[in-house]
Amino acid sequence: MKDGLRVTVWNEGVHEKRDEAVARIYPEGMGKPIADYLAKLRGIASVRIAELGDEGQGVTDEILDSTDVMTWWGHCAHDEVTDDNAARVKQRVLDGMGLVVLHAGHFSKLFKGLMGTGCNLKWRDAGEKERLWVVDPAHPVAEGLPEYFELPETEMYGEHFDIPQPDQLVLISWFEGGEVFRSGCCWHRGLGKVFYFRPGHETFPIYHNTTVLKVIYNGLRWAAPSGLKEAVRGNVKPLENIAKKA
Ligand code: ZN
């Protein structure tokens, strides 16, 4: 096996099975082009696709035990992910597993649980142009990206996006209809890191776009576990003698 990150591309896998237009774009599921792209890159040891319909909703202990970074795409079946499974994956993130949340994953139990806010936003499905601006060009997620890049047809997501202020904001989107959106956001949670990346509406071939895929790759490398398994917390002895106050 190659050295590097063990990646699980978690995909809801519902639209592809019931919507012909989506199946035409993603005949082998939305996770497939992401997994195929990542598998070829340096620093990636393995890539597996896990789906909601798989055993244990694709988040069994066996899968989580062998995942360094997980990507998460969900939309119409957020409610079908059990509370217990959402909580288990959330705990893995707090314990250090990296998480890259894609597009409609903003409304997943997992993302909302990690953010602690409503995570709602404006949206419009008009197939409009999106221009994504890099606003933190020295950030690892921006490595190799141009000043901006464009997607010709997208679903709009607009502010206000009900998230906690990102620890780092890397990308801002502008849409043809006039709205803007924080589309590449980084947070630290416990020992783990979360990257949210906006593009990925199922009826457009967004995950066939190599710049989009590059951002996912950069995001999951940024979110990779630091190696720290436990932080020192709780009651501790002082490192120095503390002078007794009279
Ligand atoms: Zn969408």
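Here the structure is a predicted model, which is why all the values come from computation and not from measurement. Atoms within a ligand are numbered from 1 in the order they appear, just like the ligands themselves. Heavy atoms only: backbone and side chains are in, while hydrogens, waters and symmetry mates are out.
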Does a side-chain N-to-carboxylate-O contact under 4.0 Å join Lys32 and Asp36?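 Looking at Lys32 and Asp36, the cut-off is met.
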For the Zn ion (ligand 1), which protein N/O/S atoms are closer than 2.8 Å? His103 NE2, Glu155 OE1, His201 ND1
Flag for Glu153-His201: side-chain donor and acceptor within less than 3.5 Å: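 There is no such pair between these side chains.
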If you measure only the distance, is there a donor-acceptor pair under 3.5 Å linking the side chains of Arg88 and Asn85? yes
Donor-acceptor pairs are to be reported for all side-chain atoms of residues 138-148 against protein atoms at under 3.5 Å, with residues two or more places apart or in another chain.
residue, atom, partner, partner atom, Å
His139, ND1, Val141, N, 3.0
His139, NE2, Gln168, OE1, 2.8

Relative to Phe161, does Arg182 satisfy both conditions: NZ or CZ under 6.0 angstrom from the six-membered ring centre, and within 45 degrees of the ring's axis?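 No, Arg182 does not lie over the aromatic ring of Phe161.
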Verify whether the ring centers belonging to Phe197 and His103 lie closer than 6.0 Å. no
